[in-house]
Trainee: 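Once you've had a glance at the structure underneath, I'll fire off some questions.
Quick note on labels: first sequence line is chain A, next is B, and so on, each numbered from 1.
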Protein chains: 2
Amino acid sequence: MEKKQDNLYVSTLARGLKILRAFDESHVSLSLTDLVSRTGLEKSAVQRMAHTLHLEGMLERDPNTRRFRPSHAWLQLAYAYYWSDPVIASALPKLIEFSHANGETINLAQLSGDHIIYSLRLPNHRTHFASSIVGRRLPALNTAAGRVMLSTRSDDEIAEACANWPVLQQTPKTLTDRAEIANSIRAARQDGFCITRDQMLLNEISLSAPVKGTDGIAHTAVQISISAIAVNEDEVVEKFLRPLLDTTAGILG
Amino acid sequence: MEKKQDNLYVSTLARGLKILRAFDESHVSLSLTDLVSRTGLEKSAVQRMAHTLHLEGMLERDPNTRRFRPSHAWLQLAYAYYWSDPVIASALPKLIEFSHANGETINLAQLSGDHIIYSLRLPNHRTHFASSIVGRRLPALNTAAGRVMLSTRSDDEIAEACANWPVLQQTPKTLTDRAEIANSIRAARQDGFCITRDQMLLNEISLSAPVKGTDGIAHTAVQISISAIAVNEDEVVEKFLRPLLDTTAGILG
DNA sequence: ACCTCAAGTATTAAATAATAATACATACAA
DNA sequence: TTGTATGTATTATTATTTAATACTTGAGGT
């Protein structure tokens, strides 16, 4: 896949990035040969890239196992990202306020292609690890946050997304019927919020409201997670919709 | 600075990384010429690297201003980092517990060379933006967390660090006298904790305890921040040391 | 203790792919 | 409009990466 008829494209750099992206939640430390198989690059290419990334402080290397791991530099990049995105600075104090006042898990989600990505998370319960750390990507159509953002778009865009964007069956109860997802988005447009249940995690209720820009389109949403053991959807809306909308209203999209 | 007599070193990749690292808290969006001046690379090199990084989804490009910004991919890398570091998974539930029980800002800090880096942060008050987001690096000697980690090392290492590691005068009251810093570290070794005040921020008290590995050395520490307006250091120790030590005790270094 | 094999490391000739120089285009200001 | 700064495009040259291969190390099995 050495692509492009593009004389500005530096394939060596792309290969190096490929090494970085070989790491994910189920590949936390990789040997040279692991990297070869995961990236599809030549052994010697991997050798040189990994070597360089190590020297440059982007990869940690365990001297015993000789396996590579992400370094702290990866967190530093996140730090730079946070400063670069103005929505973050606007949202963070509001989320802290909400978390403090309501004691519930609250997240900031942004649209990233056909996925959402969680950019801020303030967990208030012990919950699954993946649900507590930033940077997680989920198919937009599967999530309340994704649907509520889509609901601010034109009918055509919604239809296009519902037809083509990925849907992932995460739990037995995950909604995979695209027509039903479209209904959910239509409802969200009416209501100004979206609520889901058991979509990514069983017994988890998600309530989300959009952060609209001046054009009325939302690239950001705030989402809260509530355990469905104690309460049902109606009660969640009853109790948390108002504070949630207060929160989103204070954020500059 | 095209360095190395190293035939495995891929300088093109290093140049690309240099572009990424040109972004930080005071350089949130950079034009081509900005990148040239910040990296010291040739104009055409920057052109090709930025172009490639954009195509690979590592840089966002504003079509109007033609400036580059970090992309969501930078958060995804943080996500991979979190999974790769076992301390994180062990610490996160404990920090959440503490935050929930005590309602105070709590952070996980790790030693990264001669700096500490905050890898988890659970802010519970409105506080300065930089104090709320992960990935921030601070000189280890300036911080309670850095000192308490150092205090688990040998006398020689402590002496070496106190002599050579960087110290940054962040507030008028920041301790810059290296002998006094050494005293602070000695005290931390005795006490099993370190408390500071007004070091990075005025009217901020920092209390930190180490997370020791099986060898007794700490590469990680937990730190809490308390406003010094309402309470003094003794009261902070009185009130929070016990729960803090309970927290660190539950974390596998 | 020895052997085997897989995994990591080192070396090189060959040529691809990146470079640097320069020319062109566009946007903004005087 | 003209001038200047910034971004974009093109190309010959060659430095740099490549890919192939040989060497080294270490873990597991017998």
Side-chain angles (χ1 to χ4, degrees), chain A residues 1-23 26-71 84, chain B residues 1-23 26-71 84:
Chain A
M1 187 183 274
E2 300 300 299
K3 53 194 156 181
K4 316 280 143 95
Q5 215 53 342
D6 179 347
N7 47 9
L8 290 181
Y9 186 78
V10 180
S11 51
T12 304
L13 175 52
R15 259 171 264 186
L17 296 174
K18 225 170 180 174
I19 302 278
L20 298 182
R21 287 194 286 242
F23 295 87
S26 43
H27 301 91
V28 297
S29 104
L30 296 171
S31 68
L32 244 167
T33 40
D34 290 341
L35 284 168
V36 170
S37 65
R38 273 186 69 72
T39 59
L41 301 176
E42 308 272 340
K43 182 183 176 182
S44 46
V46 171
Q47 180 188 178
R48 287 176 292 106
M49 299 299 159
H51 174 79
T52 306
L53 290 168
H54 176 58
L55 284 183
E56 292 295 325
M58 293 301 295
L59 288 179
E60 220 63 63
R61 177 209 245 127
D62 185 316
N64 299 314
T65 67
R66 292 157 178 192
R67 298 172 79 82
F68 295 96
R69 286 174 305 129
S71 79
S84 75
Chain B
M1 188 184 275
E2 301 300 299
K3 53 195 154 180
K4 314 280 144 93
Q5 216 51 345
D6 180 347
N7 47 10
L8 291 180
Y9 186 77
V10 180
S11 51
T12 304
L13 175 52
R15 258 171 265 185
L17 296 174
K18 223 170 180 175
I19 302 277
L20 298 182
R21 288 194 286 241
F23 295 87
S26 44
H27 301 90
V28 297
S29 104
L30 296 171
S31 68
L32 243 167
T33 40
D34 291 340
L35 284 168
V36 170
S37 65
R38 272 186 68 72
T39 59
L41 300 177
E42 307 272 341
K43 182 183 176 182
S44 46
V46 170
Q47 181 188 179
R48 288 176 291 107
M49 298 299 157
H51 174 78
T52 307
L53 289 167
H54 175 58
L55 283 185
E56 291 296 323
M58 294 301 295
L59 288 178
E60 219 64 62
R61 177 208 246 129
D62 184 317
N64 299 315
T65 66
R66 292 157 178 193
R67 298 173 78 82
F68 294 96
R69 287 173 306 128
S71 79
S84 75

Trainee: Go through the structure and list residues passing salt bridge (charged side-chain N to carboxylate O under 4.0 Å, His left out) with A:Arg38, not counting sequence neighbours.
Mentor: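 For A:Arg38 the salt bridge (charged side-chain N to carboxylate O under 4.0 Å, His left out) partners, ignoring immediate neighbours, are A:Asp24.
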Trainee: When the distance from CG of A:Leu35 to P of C:dT9 is rounded to whole Å, what number comes out?
Mentor: 12 Å
Trainee: Side chain to side chain contact (heavy atoms under 4.5 Å, CB included), that's the test. Do B:Arg66 and B:Leu32 meet it? Break it down for me.
Mentor: CA-CA 8 Å; B:Arg66 292 157 178 193; B:Leu32 243 167; over 6 Å; no
Trainee: Less than 4.0 angstrom between a side-chain N/O of B:Thr12 and OP1 or OP2 of D:dT17, yes or no?
Mentor: yes
Trainee: Keeping A:Ser84 on the side-chain end and B:Arg69 on the backbone end, is there a donor-acceptor pair under 3.5 Å?
Mentor: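 Answer holds: no.
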Trainee: Apply side chain to side chain contact (heavy atoms under 4.5 Å, CB included) to B:Lys18 and B:Leu35, showing your working.
Mentor: CA-CA 9 Å; B:Lys18 223 170 180 175; B:Leu35 284 168; over 6 Å; no
Trainee: If we only count heavy atoms from C-beta on, is the A:Ile19 to A:Leu59 side-chain gap below 4.5 Å?
Mentor: yes
Trainee: Starting at the 5' end of nucleotides 4-9 of chain D, put B wherever the base has a protein heavy atom under 4.0 Å, S where only the sugar-phosphate does, and a dash everywhere else.
Mentor: --SBBB
Trainee: Could you list the residues that satisfy side-chain contact (heavy atoms from CB on, under 4.5 Å) with B:Arg61, not counting sequence neighbours?
Mentor: B:His54, B:Phe68
Trainee: Rounded to whole Å, how long is the line connecting atom NE2 of A:His51 with atom C1' of C:dG8?
Mentor: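 That distance rounds to 13 Å.
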Trainee: Mind checking salt bridge (charged side-chain N to carboxylate O under 4.0 Å, His left out) for B:Asp34 and listing every partner two or more places apart, or none if nothing turns up?
Mentor: B:Arg67
Trainee: Output every pair passing side chain to side chain donor-acceptor pair (under 3.5 Å) with a member in residues 39-49 of chain B, not counting sequence neighbours, ordered by first then second residue.
Mentor: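 Listed by first then second residue: nothing to list.
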Trainee: To the nearest 10°, let me know how far the axis at one end of the helix from C:dA1-D:dT30 to C:dA30-D:dT1 is tilted from the axis at the other, five pairs an end.
Mentor: 50°
Trainee: Quick check: on DNA chain D, is the nucleotide nearest A:Asn64 upstream (toward 5') of the one nearest A:Glu42, or the reverse? Name the residue that is more 5'.
Mentor: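 The residue closer to the strand's 5' end, by nearest nucleotide, is A:Glu42.
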